[in-house]
Amino acid sequence: AQSVTQPDIHITVSEGASLELRCNYSYGATPYLFWYVQSPGQGLQLLLKYFSGDTLVQGIKGFEAEFKRSQSSFNLRKPSVHWSDAAEYFCAVGAIPSNTGKLIFGQGTTLQVKP
Amino acid sequence: ETGVTQTPRHLVMGMTNKKSLKCEQHLGHNAMYWYKQSAKKPLELMFVYNFKEQTENNSVPSRFSPECPNSSHLFLHLHTLQPEDSALYLCASSQGQDTDTQYFGPGTRLTVL
């Protein structure tokens with residue numbers, strides 16, 4: 001069955017510290033992968049995406065993610081966290097090719113940033 | 001106004017009421033989506049429309065009725081809902097419905113009493 005797992009429901013880091021949010025997927029087809037962020041009361045904003053090519057992708061707000069096919073992972077990283085990064089982060093996977101636009105989302109990881 | 005907008009932002013309704021959620025995208029996209037976001041659960045895709053035609057119904061109960069009159073507008077008509085239908089309903093759009101990035105609206109927070 002297709003699934004996305006974000007093992008960490010809640011993470012707390014100090015401002016200025018590095019961050020890594022984990023994402024593992026189970027998908028039979030060639031995946032394409034997304035990370036979205038959701039601030040309280042807001043919709044989802046795309047941080048970055050991976051379709052093909054370089055397995056290290058750069059996104060907005062200083063985030064990056066690395067696709068590791070052998071580990072079925074797409075972890076999100078940031079070298080130095082800012083207080084404004086506190087939000088909920090969602091990993092999502094879809095299939096190539098796809099004629100439905102269907103994405104499978106993980107349960108999300110809530111990031112808290114300590115001053 | 002740019003991006004994807006949703007109205008109303010908050011809605012409280014009784015189980016016997018009929019209401020509608022509206023989504024409008026200003027991005028020139030051809031595909032639109034409804035998602036349900038419940039507490040402690042992953043986002044659930046409900047419906048997909050591509051060029052105004054419904055291409056996906058993810059086993060959604062008939063008390064939810066979508067309508068897509070054109071590629072820019074998407075509605076979700078609600079009737080005889082249950083308290084467990086209380087959730088954040090998110091609309092998204094994409095250029096096409098294959099590998100294209102989906103852009104989300106801010107959502108409608110629905111409470112069913």
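Proteins get letters first, then strands, A, B, ... in listed order; numbering begins at 1 in each. None of the values given here were measured: they were computed from a predicted structure.
For F63(A) and Y89(A), the ring centers are positioned less than 6.0 Å apart.
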Between side-chain atoms of residues 9-17 of chain B and protein atoms elsewhere (two or more places apart, or another chain), which donor-acceptor pairs fall under 3.5 Å?
unit_1 : atom_1 : unit_2  : atom_2 : d
R9(B)  : NE     : G107(B) : O      : 3.3
R9(B)  : NH2    : G41(A)  : O      : 2.8
N17(B) : OD1    : G14(B)  : N      : 2.8

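Among residues 106-115 of chain A, the residues having any heavy atom closer than 4.5 Å to a heavy atom of chain B are, in sequence order, G106(A), Q107(A).
Residue L56(A) belongs to no hydrophobic cluster, having no ILVMFWY side-chain heavy atom closer than 4.5 Å to its own.
Checked against salt bridge (charged side-chain N to carboxylate O under 4.0 Å, His left out), E15(A) has no partners two or more places apart in sequence or in another chain.
Contact of L46(A) with chain B is made through the side chain alone, with heavy-atom distances under 4.5 Å. Within the 4.5 angstrom heavy-atom criterion, only side-chain atoms of Q37(B), from C-beta onward, approach chain A. Only the side chain of Q38(A) comes within contact range of chain B, with at least one heavy atom under 4.5 Å from a heavy atom of that chain. For L90(B), the part sitting under 4.5 Å from any heavy atom of chain A is the side chain, from C-beta outward, and nothing else.
For CD1 of I9(A), the number of neighbouring non-hydrogen atoms (other residues, nucleotides, ligands) closer than 6.0 Å is 12 at most.
For the residue pair Q6(B) and W34(B), the shortest heavy atom distance occurs at NE2-CZ3, 3.5 Å.
Paired with Y35(B) under the rule side chain to side chain contact (heavy atoms under 4.5 Å, CB included), one option of F104(B), Y89(B), F47(B) passes, and it is F104(B). When each of E24(B), H29(B), H26(B) is paired with S93(B), the side chain to side chain donor-acceptor pair (under 3.5 Å) condition holds for H29(B) and for no other.
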